[in-house]
Amino acid sequence: MANLNDGGDARKPNISHVIFDMDGLLLDTEKFYTEVQEIILARFNKKFDWSLKAKMMGMKAIEAAHVFVNETGISDSLSAEDFLIEREDMLRTMFPTSELMPGASRLIKHLHSKGIPICVATGSHKRHFELKTQMHGELFSLMHHIVLGDDPEVKKGKPSPDIFLAAARRFEGGPIDSSKALVFEDAPSGVSAAKNAGMSVVMVPDPRLDTSFQTEADQILGSLLDFNPTEWGLPPFAEAS
């Protein structure tokens, strides 16, 4: 079910370009991070909760790792760097099984078929991106370009606007006008990054994410299946036959 937050009666801008986050938005990978972090914390008799997850989502790996060890009080026993090494070993076997989120394939194929330039801007590093997208190469090949978290132009992770500004520069004829770019995000830090870049944001949060983390988005949806392109001046979906 759609849970819309349309910012009052404000008219939405007509969008010319679309930028997608990946983890938790296009690919169902966030569950892997949660599972691994729960396993690691259990050793210290601590629990991983959603308020902590909300702070970590969308960040660069090392930044999220520092939040993790500091907020849980385990930094004296486990450094951020060692946490990442341990997490990496477990994630490497999980990532190739990543599945698409509901509505992701439909929306990407629709926008591509209508000639709307699309790209991915993800905090994932190259090695993780390749593992996560292993089963979905055809779909990701429809993207005009992909900006990764270890890209040299991305000096700071989300909520800094670096990754979305880099994405805007790489479209044909770029940099594009930020006000005509629509970003799809699931993470609070990603929503903030897009707003800091001067872009509109549709948020598709995990239902467990507290609503206090959802206030910045221009629109909130239950899933990508709920998105109506015409509200943003984009071509409508073809009627189901």
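Predicted, not measured: the structure shown is a model, and the values here were computed from it. Counting from 1, the numbers follow the sequence of the chain as shown.
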- So, are Asp218 and Lys195 salt-bridged, with charged N and O less than 4.0 Å apart? yes
- Kindly determine whether Ser160 and Asn196 satisfy side chain to side chain contact (heavy atoms under 4.5 Å, CB included), including the steps that lead there. CA-CA 7 Å; Ser160 161; Asn196 289 337; over 6 Å; no
- Note on the structure: Applying ring pair (Phe, Tyr, Trp, His ring centres under 6.0 Å) to Phe44 and not counting sequence neighbours gives none
- Message: Measuring only between side-chain heavy atoms, which start at C-beta, is Asp151 closer than 4.5 Å to Arg170?
- Response: yes
- Report whether Val154 and Met199 are members of the same hydrophobic cluster (ILVMFWY, side-chain heavy atoms less than 4.5 Å apart, transitive linking). yes
- In plain terms, say whether Lys55 and Glu63 are close enough for a salt bridge, that is, a side-chain N and a carboxylate O under 4.0 Å apart. no
- Message: Please say yes or no: joined through hydrophobic side-chain contacts below 4.5 Å, possibly via intermediate residues, are Val191 and Trp50 part of one cluster?
- Response: yes
- Not counting sequence neighbours, which residues clear ring pair (Phe, Tyr, Trp, His ring centres under 6.0 Å) with His110? List them please. Phe237
- Item | Worked verdict on Glu30 versus Lys53 for salt bridge (Lys or Arg N to Asp or Glu O under 4.0 Å) | CA-CA 9 Å; Glu30 285 295 341; Lys53 185 170 179 69; 2.9 Å; yes
- Taking the side chain as every heavy atom from C-beta outward, state whether Met90 and Glu35 have any atom pair closer than 4.5 Å. no
- Query: Is it the case that more than 12 heavy atoms not belonging to Lys31 sit under 6.0 Å from its NZ atom?
  - Reply: yes
- Item | Heavy-atom check, side chain of Glu38 versus side chain of Lys46, under 4.5 Å | no
- Go through the steps to decide whether Glu231 and Asn228 satisfy the test side chain to side chain contact (heavy atoms under 4.5 Å, CB included), and finish with yes or no. CA-CA 6 Å; Glu231 291 181 4; Asn228 180 358; 3.7 Å; yes
- Task: Please indicate whether Glu99 has more than 12 foreign heavy atoms, meaning atoms of other residues, nucleotides or ligands, lying under 6.0 Å from its CD.
- Result: no
- Salt bridge check: are Arg127 and Asp150 linked by an N-O gap of less than 4.0 Å? no
- Please identify each residue that fulfils ring pair (Phe, Tyr, Trp, His ring centres under 6.0 Å) with Phe83, with sequence neighbours left out. Phe68
- Message: Same cluster or not: Val69 versus Leu91, using hydrophobic residues (I, L, V, M, F, W, Y) connected whenever any side-chain heavy atoms lie under 4.5 Å apart?
- Response: yes
- Linking I/L/V/M/F/W/Y whenever their side-chain heavy atoms sit closer than 4.5 Å, directly or via other members, would Val67 and Met57 fall into one cluster? no
Side-chain donor-acceptor pairs under 3.5 Å in residues 136-148, sequence neighbours left out?
unit_1, atom_1, unit_2, atom_2, d
His136, NE2, Ser98, O, 2.7
Ser141, OG, Glu138, O, 2.6
His145, NE2, Ala167, O, 2.9

- Task: Could you please spell out the steps behind the ring pair (Phe, Tyr, Trp, His ring centres under 6.0 Å) verdict for Phe95 and Tyr33?
- Result: CA-CA 10 Å; Phe95 282 155; Tyr33 290 101; 5.6 Å; yes
- Message: Show the nearest heavy-atom pair for residues Ser75 and Asn70, with the distance to one decimal.
- Response: CB-OD1, 3.6 Å
- State plainly whether one hydrophobic cluster holds both Ile39 and Phe48, where clusters connect Ile, Leu, Val, Met, Phe, Trp and Tyr through side-chain heavy atoms under 4.5 angstrom apart. yes
- Item | Closest contact, heavy atoms only, Ala104 versus Leu224 | CA-CD1, 3.7 Å
- Message: Quick one: does any side-chain atom of Asp206 pair with a main-chain N or O of Gly24 as donor and acceptor, under 3.5 Å?
- Response: no
- Query: Val120 versus Asp21: any side-chain heavy-atom pair under 4.5 Å?
  - Reply: no
- Message: Just so I know, are the side chains of Leu131 and Arg92 near enough to count as touching, which here means a heavy-atom distance under 4.5 Å?
- Response: yes
- Message: Once rounded to the nearest 0.5 Å, what's the spacing between atom CG of Asp226 and atom CD of Gln219?
- Response: 9.0 Å
Residues 174-182 side chain polar contacts: donor-acceptor under 3.5 Å, at least two apart:
unit_1, atom_1, unit_2, atom_2, d
Asp177, OD1, Ser179, N, 2.9
Asp177, OD1, Ser179, OG, 2.8
Asp177, OD2, Ser179, OG, 3.1
Ser178, OG, Ala197, O, 3.0

- Message: Nearest 0.5 Å, please: how far is CG in Leu25 from CG in Leu100?
- Response: 11.5 Å
- Task: Mind listing the closest non-hydrogen atom pair of Ile116 and Pro235 along with its distance?
- Result: CD1-CD, 3.9 Å
- Message: Between Thr230 (side chain only) and Gly233 (backbone N and O only), is there a donor and an acceptor less than 3.5 Å apart?
- Response: no
- Task: Look up atom CD1 in Ile118 and atom NE2 in His112, then write down how far apart they are to the nearest 0.5 Å.
- Result: 6.5 Å
- Message: Counting C-beta onward and ignoring hydrogens, is there a side-chain heavy-atom pair between Pro236 and Pro229 closer than 4.5 Å?
- Response: no
- Any side-chain heavy-atom pair of Val202 and Leu221 under 4.5 Å: yes
- Task: Over all heavy atoms of both residues, which pair between Leu209 and Ala54 is shortest? Give the atoms and the distance, please.
- Result: CD1-CB, 3.4 Å
- Message: Using 0.5 Å steps for rounding, measure from the CG atom of Asp186 to the OG atom of Ser223.
- Response: 12.5 Å
- Criterion side chain to side chain contact (heavy atoms under 4.5 Å, CB included) on His128 and Thr29, from CA distance to verdict: CA-CA 11 Å; His128 282 175; Thr29 51; over 6 Å; no
- Query: Any side-chain heavy atom of Pro13 within less than 4.5 Å of one from Ser200?
  - Reply: yes
- Hey, what else clusters with Met101 if you join Ile, Leu, Val, Met, Phe, Trp, Tyr whenever side-chain heavy atoms sit under 4.5 Å? none
- Message: With no hydrogens and no angle check, just 3.5 Å: does a side-chain donor-acceptor pair link Ser192 and Lys158?
- Response: no
- Message: Restricting to non-hydrogen atoms, name the atom on Ile62 and the atom on Ala80 that form the minimum distance, rounded to 0.1 Å.
- Response: CD1-CB, 4.2 Å
- Message: If you apply the rule salt bridge (Lys or Arg N to Asp or Glu O under 4.0 Å), what do you find for Glu86 with Arg43, and how did you get there?
- Response: CA-CA 13 Å; Glu86 189 174 335; Arg43 287 213 314 270; 2.3 Å; yes
- Query: How long is the span from the NZ atom in Lys155 to the NZ atom in Lys60, to the nearest 0.5 Å?
  - Reply: 8.5 Å
- From the options Phe20, Phe164, Trp232, select the one residue that forms a ring-ring contact (aromatic ring centres under 6.0 Å, His included) with Phe184. Phe20
- Do Ser51 and Asp210 get their side chains close enough for a donor-acceptor pair, meaning under 3.5 Å? no
- When every non-hydrogen atom of Met135 is compared with those of Pro96, the smallest separation belongs to CG-O, 3.7 Å
- When rounded to the nearest 0.5 angstrom, what distance separates SG in Cys119 from CD1 in Ile19? 4.5 Å
